[in-house]
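Counting starts at 1 for both ligands and their atoms, in listed order.
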Amino acid sequence: QHVELQQSFDATIADEARIEPRDWMPEGYRKTLIRQIAQHAHSEIIGMQPEGNWLTRAPSLRRKAILMAKVQDEAGHGLYLYSAAETLGADRADLTDKLISGRQKYSSIFNYPTLTYADVGTIGWLVDGAAICNQVPLCRSSFGPYARAMIRVCKEESFHQRQGYELLTTMMGGTDEQRAMVQESVDRFWWPALMMFGPPDDRSPNSEQSMAWGIKRHSNDELRQKFVDMSVPQAEALGVSFPDPDLAWNAERGHYDFGEPDWSEFTEVVRGNGAMNVERIAVRRAAHEDGAWVRDAATAFAAREQENHR
Ligand code: ACO
């Protein structure tokens with residue numbers, strides 16, 4: 001019987017059809033999905049912090065309202081993704097526990113500080129831009145709930161990307177000081193944004209199997225290249241440069257050549273040694289602990305409702 005289940009799973013993958021929560025799936029497929037979806041969900045939730053840092057200091061009511069809506073959208077993305085992980089049998093409380101105890105990862109990018117208000121625009125443009133590049137193909141991921149969650153997430157991320165670009169365009173039309181602030185912010189975020197796509201293909205232990213299962217649709221390096229190609233003309237239109245002397249159009253390849261990110265920095269950040277890792281987890285842990293009474297009250301309320309309806 002196991003052979004038949006495996007064959008049916010393989011045929012579904014080969015047909016580019018969707019695997020749904022009640023379908024049989026290999027344990028490795030389930031585990032890989034829980035790992036990737038949990039990491040993705042944690043990234044959305046931790047990702048609220050760098051920009052949340054500027055909520056009280058946004059320069060106008062309009063900018064504050066936009067930023068607030070954006071940060072709330074990220075919370076929503078985290079919640080859809082935790083729900084998608086739950087359809088695989090993961091327990092949300094357990095995932096949160098693994099995040100705050102450092103046993104599950106979240107994206108390296110959120111361990112960099114947001115030092116100026118221009119960072120809000122740069123995160124929208126480059127970080128959400130990289131996220132879209134990585135996530136649009138995930139709308140075709142083989143696991144149904146993940147792929148469907150990605151559709152709405154990508155629509156909202158596109159909106160975020162445009163608001164970031166619009167913010168930077170406004171600043172670039174301002175004073176010399178504002179233009180310098182944008183360039184300085186882009187200089188800090190460019191390399192970390194490239195690292196979001198993960199290690200190079202020859203050092204990415206999960207890619208091959210994840211691509212064979214149709215969980216990932218493109219390799220890390222393919223997506224990184226796509227992001228560079230997409231970003232260079234946008235930088236030109238904006239009037240900023242990227243801090244990479246090797247960045248140049250390669251007519252033969254039909255792509256931009258670019259330099260090598262500092263992979264030792266990436267490894268350190270993923271290991272927990274980035275500028276903000278400790279603070280990000282401490283803030284998340286405190287929010288979780290401070291919210292314990294809400295979870296207790298909701299559980300007590302649900303139990304009482306159930307009792308009343310007996
Ligand atoms: N930050 C932290 N960890 C990373 C990163 C990163 N930028 N890139 C890779 N890793 C981790 C992987 O999780 C993996 O760790 P593990 O095996 O211990 O779980 C290890 O590095 C090796 O990498 P890969 O073998 O390449 O891992 P994978 O196949 O999972 O590819 C990728 C990584 C591309 C990030 C993939 O998981 C993915 O597409 N995830 C969904 C998108 C996502 O999580 N985005 C979050 C940021 S975007 C946002 O929230 C706005």
Side-chain angles (χ1 to χ4, degrees), residues 28-29 31-51 70-71 73-82 84-85 95 98-99 102-112 122-143 146-147 149-150 153-154 156-161 164 189 191-224 226-227 261-263 265-274 276-277 280-281:
Y29 179 83
K31 266 203 187 135
T32 298
L33 275 167
I34 292 177
R35 178 184 65 77
Q36 176 166 328
I37 298 173
Q39 176 187 313
H40 195 166
H42 297 330
S43 303
E44 302 282 359
I45 299 295
I46 295 284
M48 296 166 75
Q49 292 184 39
E51 289 174 285
K70 199 221 154 189
V71 172
D73 283 354
E74 305 296 356
H77 299 172
L79 299 184
Y80 310 144
L81 286 162
Y82 284 126
L95 297 181
K98 285 184 169 135
L99 169 66
R103 282 175 293 150
Q104 264 175 355
K105 298 185 167 91
Y106 59 92
S107 182
S108 50
I109 191 72
F110 301 118
N111 294 305
Y112 291 85
T122 308
I123 289 178
W125 174 36
L126 294 179
V127 174
D128 295 327
I132 295 166
C133 217
N134 164 270
Q135 290 168 31
V136 165
L138 294 175
C139 296
R140 293 184 292 109
S141 185
S142 59
F143 186 59
Y146 189 37
M150 278 305 108
V153 169
C154 285
E156 294 182 351
E157 292 292 1
S158 304
F159 200 63
H160 296 169
Q161 201 246 3
F189 275 96
W191 292 110
L194 292 189
M195 293 176 198
M196 286 175 70
F197 295 93
D201 292 350
D202 57 4
R203 276 176 273 159
S204 162
N206 302 299
S207 280
E208 197 181 333
Q209 181 61 70
S210 286
M211 285 170 71
W213 275 329
I215 294 175
K216 280 167 82 162
R217 294 290 178 182
H218 300 283
S219 77
N220 299 355
D221 285 332
E222 279 165 19
L223 292 173
R224 195 171 1 256
K226 197 167 175 221
F227 176 68
D262 179 351
W263 293 114
E265 175 182 315
F266 172 77
T267 308
E268 280 306 304
V269 173
V270 174
R271 276 198 191 135
N273 302 324
M276 301 301 284
N277 296 61
R280 297 292 185 240
I281 292 297

In plain terms, say whether K70 and D73 are close enough for a salt bridge, that is, a side-chain N and a carboxylate O under 4.0 Å apart. no
Please walk me through it: do L33 and I215 pass side chain to side chain contact (heavy atoms under 4.5 Å, CB included)? CA-CA 8 Å; L33 275 167; I215 294 175; 3.7 Å; yes
How far apart are the C-alpha atoms of E157 and H77, what are their side-chain angles, what is the distance that settles it, and do they pass the side chain to side chain contact (heavy atoms under 4.5 Å, CB included) test? CA-CA 10 Å; E157 292 292 1; H77 299 172; 3.3 Å; yes
In the protein, which heavy atom is nearest to atom 8 (N) of ligand 1, and how far is it? G198 CA, 3.2 Å
Which class fits the ring pair F227 and F197: parallel under 30°, tilted 30 to 60°, perpendicular over 60°? tilted
Would you check if the side chain of N220 reaches a backbone N or O of P199 as a donor-acceptor pair within less than 3.5 Å? yes
With a 3.5 Å distance limit and no angle check, can you tell me whether R35 reaches the backbone of K105 through a side-chain donor-acceptor pair? no
Under 3.5 Å side-chain donor-acceptor pair for Q161 and D128: no
Which segment of L223 sits under 4.0 Å of ligand 1 when only heavy atoms are counted: neither
Quick one: look up the protein heavy atom nearest atom 5 (C) of ligand 1 and list residue, atom name and how far away it is. F266 CZ, 3.6 Å
Any idea which atoms of ligand 1 are less than 4.0 Å away from a heavy-atom of M196? 7 (N), 48 (S)
Ligand 1 versus Y106: contacting region, heavy-atom distance under 4.0 Å: backbone
When you measure from the side chain of R280 to the backbone N and O of F110, does any donor-acceptor pair fall under 3.5 Å? yes
Got the closest protein heavy atom to atom 38 (C) of ligand 1, with its distance? Q36 NE2, 3.5 Å
Residue-level breakdown please: for M195 versus ligand 1, do any non-hydrogen atoms fall below 4.0 Å on the side chain, on the backbone, on both, or on neither? backbone
To the nearest 0.1 Å, how far is atom 47 (C) of ligand 1 from its closest protein heavy atom, and which atom is that? S107 CB, 3.6 Å
Any idea which heavy atoms bring A193 and I109 closest together, and the distance? N-CD1, 3.8 Å
Less than 4.0 Å between atom 32 (C) of ligand 1 and some protein heavy atom, yes or no? no
Please confirm whether P199 approaches ligand 1 to less than 4.0 Å, judged on its heavy atoms. yes
Using modelled atom types and a 3.5 Å cut-off, is there a donor and acceptor pairing between side-chain atoms of S207 and backbone atoms of D201? no
Give a yes or no on whether the backbone of W213 and the side-chain of S142 come within a donor-acceptor separation of less than 3.5 Å. yes
Y146: numbered ligand 1 atoms lying under 4.0 Å from its heavy atoms: 41 (C)
Hey, does N220 come in under 3.5 Å of ligand 1, counting only N/O atoms on both sides? yes
Which residue holds the protein heavy atom closest to atom 22 (C) of ligand 1, what is that atom called, and what is the gap in Å? P205 CD, 3.7 Å
Could you walk me through whether L138 and Q36 satisfy the side chain to side chain contact (heavy atoms under 4.5 Å, CB included) test, starting with their C-alpha distance in whole Å, then the side-chain angles of each, then the deciding distance to 0.1 Å, before giving a yes or no? CA-CA 11 Å; L138 294 175; Q36 176 166 328; 3.9 Å; yes
Distance from atom 12 (C) of ligand 1 to nearest protein heavy atom, with residue and atom: Q39 OE1, 3.8 Å
With atom 17 (O) of ligand 1 as the reference point, say which of N206, V127, T32 has the nearest heavy atom. N206
Atom 24 (P) of ligand 1 - nearest protein heavy atom and its distance: S204 OG, 3.4 Å
Between ligand 1 and D128, is the shortest N or O to N or O distance under 3.5 Å? no
Pairs of nitrogen or oxygen atoms closer than 3.5 Å, one from K216 and one from ligand 1: do any exist? yes
Ignoring angles and geometry beyond distance, decide whether R35 reaches within less than 3.5 Å of ligand 1 through its nitrogen or oxygen atoms. yes
Judging by distance only, is a nitrogen or oxygen of N134 under 3.5 angstrom from one on ligand 1? yes
Got the closest protein heavy atom to atom 16 (P) of ligand 1, with its distance? K105 NZ, 3.4 Å
Applying the side chain to side chain contact (heavy atoms under 4.5 Å, CB included) test to K216, which of S141, P137, S204 qualifies? S204
